[in-house]
Amino acid sequence: MTSKPEASLDKTYQPADIEQRWATEWENKGYFRPSGQGEAYSIMIPPPNVTGSLHMGHAFQDSIMDTLTRWQRMQQKNTLWQVGTDHAGIATQMVVERKLAAEEGKTRHDLGRDKFLEKVWEWKEESGGTITRQLRRLGASVDWDRERFTMDEGFYKAVQEVFIRLYDEGLIYRGKRLVNWDPKLHTAISDLEVENKDQQGNFWHFRYPLADGVTTADGKNYLVVATTRPETLLGDTCVAVNPKDERYASIIGKDVILPLVGRRIPVVADDHADMEKGSGCVKITPAHDFNDYQVGKRHHMPLINVMTLDAAIRDQAEVFNLDGTINEAVDPTLPELFRGLDRYEARKLLVAEMDTLGLLEKVEAINNTLPYGDRSGVVIEPLLTDQWFVKIAPLAEPAIKAVENGDIQFVPKQYENMYFAWMRDIQDWCISRQLWWGHRVPAWYDESGNIYVAQSEEAARRKYNLGQDVSLEQDSDVLDTWFSSGLWTFGTLGWPEQTDELKTFHPTSVLVTGFDIIFFWVARMIMLTLKFTDQVPFKTVYVTGLIRDDNGQKMSKSKGNVLDPLDMIDGIDLDSLLEKRTSGMMQPQLAEKIARQTRKAFPEGIGAHGTDALRFTLLAMATTGRDINWDMKRLEGYRNFCNKIWNAARYVLSNTEGEDCGTQNEAVELTLADRWIISRLQETEAAITRHLESYRFDLAANTYYEFVWNDYCDWYLELSKPVLWNEESSPEALRGTRRTLVRVLEVILRLGHPMMPFITEEIWQRVKGLAGVEGDTLMQAQWPVPNESRMDAAAVSDIEWVKGVILAVRELRAANNLAPGKPLPILIHNASTEDQQRLEANRLFLQKLAKLESIELADTLPMSAMQLVGQMEVHLPLAGFIDKDAEIARLQKEIDRLQQDIQRTEAKLGNEAFVSKAPAAVVEKEKAKIEENRLACNKLQEQQEQLKAL
RNA sequence: GGGUGGUUAGCUCAGUUGGGAGAGCACCAGCCUUACAAGCUGGGGGUCACAGGUUCGAACCCUGUACCACCCA
């Protein structure tokens, strides 16, 4: 299918009519594929969750990536933007489990692993298209032929390969360690998936009786320990005091009797005990607290696990030594009272029991922080379990170096500190997850628990020389999603094969992502990629802020302030928006409040703005290193900008189609306006290129907006009219103006294309022929390169003068309440030779744009209103219709302004230190300014006197 | 408690080696001027958070304070 440009553009800009048409055509024609020629440029999309949908953050990042990609492609690079999705372990599994529960009332265990996974794949097939459809709507020029999914066969091979190599090198190990356990989802999660939240809590102060009649320095026969987690008392292995704490020096090494359990546990000296906090004694439960684990380790304490995977109290404790072997020295019996109780019920009961025993000294209200699972929302339990870990230290070192030595650069730079801070005290990474959906750990166990790591059972037998008589069972865990997405840049290019794509496009050029994901993903990609390819994954990391709502709030379903990028594009009526925001909520009780807010914020729903406007808005707001507060008004403003471009194009087309535009390089005469706009265009090309190179999309967008609206539309198009609509214009002048109109527009379209691909392509197709440009698509057109020889400083200052005169007249007109269309006679006084030359050269422009009846030089003047252009006076004769008082007042305002400025400058120049120490150029500038202002001020005063005398 | 970023017009934000405070939107006034009322023309509006310091000169550099946001403990 080919898009056939209409004969002329519709009167109003209708993005819906053009965008999808072009998206389809570009893709069908294969324009998104790498050209195979030129320097390579590549970006890997941060893979969104395959079953998710795009939010504003995606739209933001994708707009940036597409802008970079299109810009580089236009610079004729061999450009690859590779797309793909992530299987998103926990998130996806949860969605399918919920669906299963709702539709069939079953759990995944009812189905069994294989059947459940079938369901997940079905769901992936069903919903996986959402995100790619949305990407297409955004105009993303990704190479769809190379779309990847983290659970693809080929990618899984890379994941296995990495796991096996790391294991064989001793960098992956299995061990019993404390992990962040999610008691609801029944899986370990990483530190990063834990959200710490402040809350009101209690500090319970318990008495632990001293054994053997020992007493403290102040004569008590017990120690007081304070805890926020009473239920862990059951797993205590010692009590720690600070070695410097004189109060307890005498009892170090003595024992206390653990209440309710009756276990003798020692008092140890450890710096972890804070002398200032509570009594200075702290109970140590190595199997239920990360800090306590370290203390326990230092003092060779056993690990006593008292909780089940549901975070309930076990019937009998599990006791391990630090090396993970079973400890048989400690009695695992737990008080019957607590068995099977949930952790919070156990806490309540335990406190009550202690109280009854007279061992509860006091309860203190405190503020503390609790860890929550970011997916399940329940409090995380540090729990001893068998997990797979990656030894991080050997991987972290080169990863830190790569950023230190500049192989990888963060934009903005301050994020490098965040990266270093995190990398410096990074812990071993728990990569196993007790889920079904994901890359299954490629490890097998025999009956005695020996571990065999290989691609498959057969491979394991070969590798380890195991006969068929040995029965093997595969590890049931899967790998952390980030383990696989850590391989994203090279795993998707065919690694471990040394493919051409890998050689060409790796390392990738830039990664565009949010700061919230630096640790999750960026750091891990750097570590794993360096390890396996000896290359960095990307040379630059462009870090974006978050998109927030107009009040600076994070967008979230539960707040009901989420905006869907497609609703910005297509628009949505209020009812549909309400439905969208209030359905399928985790907390349905909020629905009413959300509905109310939504009605208030969007009483009319949301209008359609089009993809180009959305993209341009996001780019214009993309200042580095800060979050963006979304503003519908900005979106509207940039939609209007699209309309402006559209209409400018209509004007250009209507004046050039079927006319001689000088495409064959025929002789032309360029007017001052032509030379000026061409000169400004060179500056604009240079500035936009510079801004894109430094990732300042906001400045690029603003520069573009200003040039198009303020220079091209407001002035140049107006200045072209007197030439085009003048019967006396020479063929060369007409040709020159038409050629400039259309050529500058053509460059404007090329400059804007990376930011606003659709509207620019649509117009370009109609303009290219008139501009003498060839090509099937703007996507492949050449990125504009400024030409020094077309810079014309004289034209720029001449136009400034012309604009000055026109603005002076407009001001006089407005100040005296004269109708905009009324032709005015103007007298010019005190014109320099240059003024006079400029006046003669630009009579036509002045007359048309300022709506003048006449414009004449005059030595003697009638009473008039006057405005200065430099030292030249522009007079509007009174002729009976000028408001004398208003004019006197207007002059006074001008005089006041000048006098203030004069005073400031006088003070400066009167300062000896300034004159002697400031650079001569600065002093000269001030002197010139004061001179000019004084002259101007005098003239205005004279003028005012004359009026007053009337 | 430690760290990072922020505080500029009513709102959202620019301000790139320190040298005349800007844009968009909103507001006021006037205009359907043959590309555009999603527009045109003119206009009002800021002690650049606060207090010190460096400097001839500070929105910008330094120190401290307040408040906001985020990260870490």
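In what follows, every chain begins at residue 1, and chains take the letters A, B, ... in the order their sequences are listed. Values below: all heavy atoms of this structure, side chains included; hydrogens, waters and symmetry mates excluded.
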Among B/G20, B/G42, B/C31, the nucleotide that comes nearest once only the side chain of A/Pro820 is considered
B/C31
Rounded to whole Å, CG of A/Leu812 lies from C1' of B/G42 at a distance of 12 Å
Kindly indicate whether a cation-pi arrangement holds for A/Lys803 with A/Phe845, taking the cut-offs as under 6.0 Å to the six-membered ring centre and within 45° of the axis.
no
NA contact type, A/Leu807, heavy-atom cut-off 4.0 Å: base, sugar-phosphate, or nothing?
sugar-phosphate
Give a yes/no on whether any side-chain N or O of A/Arg634 is located under 4.0 angstrom from OP1 or OP2 of B/A26.
no
Does any donor-acceptor pair link the side chain of A/Glu636 with the base of B/A26 at a separation under 3.5 Å?
no
Separation of B/G24 atom P from A/Asp714 atom CG, nearest Å, is 10 Å
Select base, sugar-phosphate, or nothing to describe what A/Arg813 touches, counting heavy atoms under 4.0 Å on all strands.
nothing
Side-chain N or O of A/Trp709 versus OP1/OP2 of B/C40: is the shortest distance under 4.0 Å?
yes
Counting the atoms with a prime plus P, OP1 and OP2 as sugar-phosphate, which does A/Arg810 contact under 4.0 Å by heavy atoms, base, sugar-phosphate, or nothing?
sugar-phosphate
For A/Lys893, which contact category applies under a 4.0 Å heavy-atom criterion: base, sugar-phosphate, or nothing?
sugar-phosphate
Before accepting this row, confirm whether a basic side-chain N of the pair A/Arg696/A/Asp698 lies closer than 4.0 Å to the acidic partner's carboxylate O.
yes
Can you check the distance between B/G39 and B/U33, where both ends of the measurement are the P atom (answer in whole Å)?
16 Å
Taking A/Phe641 as the fixed residue, which of A/Tyr705, A/Trp646, A/Phe707 is the one that meets the ring-ring contact (aromatic ring centres under 6.0 Å, His included) rule?
A/Tyr705
Under a 3.5 Å limit on both distances, the Watson-Crick or wobble mate of B/A51 is B/U63
Distance between the C1' atoms of B/C68 and B/G30, in whole angstroms?
42 Å
Any strand is fair game: report the nucleotide pairing with B/A38 by Watson-Crick or G-U wobble, both distances under 3.5 Å, or none.
none
Would you check if the distance from the ring center of A/Phe410 to the ring center of A/Phe420 is below 6.0 Å?
no
Whole Å only: how far is the CD atom of A/Glu706 from the C1' atom of B/G15?
12 Å
May I ask which nucleotide in the shown strands pairs with B/C27, Watson-Crick or G-U wobble, both distances under 3.5 Å?
B/G43
Looking at A/Thr623, does any N or O in its side chain come under 4.0 Å of the phosphate oxygens OP1/OP2 on B/A14?
yes
When all nucleic acid strands are considered with a 4.0 Å heavy-atom cut-off, which category describes A/Arg548: base, sugar-phosphate, or nothing?
sugar-phosphate
Does A/Lys721 pair with A/Glu718 as a salt bridge, N-O distance under 4.0 Å?
yes
Whole angstroms only, please: what is the NZ-C1' distance between A/Lys908 and B/G57?
6 Å
Determine the interatomic distance between C1' on B/A66 and the same-named atom on B/A9; round to the nearest Å.
23 Å
Check whether any side-chain nitrogen or oxygen of A/Lys413 sits under 4.0 Å from OP1 or OP2 of B/U4, and answer yes or no.
no
Between B/C56, B/G43, B/C36, which nucleotide gets closest to the side-chain atoms of A/Asn643?
B/C36
Charged N to carboxylate O under 4.0 angstrom, A/Arg904 versus A/Asp901?
yes
Among B/G43, B/G20, B/G15, which nucleotide sits nearest the side chain of A/Arg904?
B/G20
Within this structure, what is the CG-to-P distance between A/Asp549 and B/U12, rounded to whole angstrom?
11 Å
Expressed as a whole number of angstroms, how long is the span from A/Lys644:NZ to B/A35:C1'?
8 Å
If you only use heavy atoms from C-beta on, which nucleotide in B/C36, B/C70, B/G42 is closest to the side chain of A/Asn647?
B/C36
Between A/Lys917 and B/C56, is there a contact of a side-chain N or O with OP1 or OP2 at under 4.0 Å?
yes
Are OP1 or OP2 of B/A35 and a side-chain N or O of A/Lys721 less than 4.0 angstrom apart?
yes
Let's test this: given Watson-Crick or G-U wobble pairing with both distances under 3.5 Å, identify the partner of B/G20.
none
Which value, in whole Å, describes the distance between the P atoms of nucleotides B/C40 and B/A35?
13 Å
Look at the side-chain N and O atoms of A/Asn629 and state whether any lies under 4.0 Å from the OP1 or OP2 oxygen of B/C13.
yes
Any-strand Watson-Crick or G-U partner of B/G1, both distances under 3.5 Å:
B/C72
Atom pair CG/OG of A/Leu734 and A/Ser720 - distance to nearest 0.5 Å:
11.0 Å
Does A/Trp429 have A/Arg524 sitting over its ring (NZ/CZ under 6.0 Å from centre, angle to axis within 45°)?
yes
To the nearest angstrom, the CD-P distance between A/Gln899 and B/G20 comes to 21 Å
Contact class for A/Glu195 vs. all strands (heavy atom < 4.0 Å): base, sugar-phosphate, or nothing?
nothing
Taking for A/Cys713 and for A/Met418 the nucleotide of RNA chain B with the nearest heavy atom, the one nearer the 5' end belongs to A/Cys713
What is the distance, to the nearest angstrom, from the NZ atom on A/Lys851 to the P atom on B/G30?
19 Å
Taking atom P in both B/G5 and B/G15, compute the distance separating them and give it to the nearest angstrom.
15 Å
Out of B/G42, B/U12, B/A35, minimum distance to the side chain of A/Met621 belongs to B/U12
From B/G39, B/C56, B/G20, nucleotide with atom closest to A/Asn640 side chain:
B/G39
With C1' as the reference atom in both, quote the distance from B/A51 to B/U12 in angstrom, rounded to an integer.
29 Å
Do A/Thr544 and A/Gln61 pair up side chain to side chain, a donor and an acceptor below 3.5 Å, judged on atom types alone?
yes
First encountered from the 5' end of RNA chain B, between A/Ala814 and A/Tyr13:
A/Tyr13
How far, in whole Å, is B/C27 from B/G45 if one measures between their C1' atoms?
9 Å
Assign A/Leu717 to base, sugar-phosphate, or nothing according to its heavy-atom contacts below 4.0 angstrom with the strands shown.
base
Using the P atom as the reference point in each nucleotide, state the distance between B/A73 and B/U63 in Å, no decimals.
27 Å
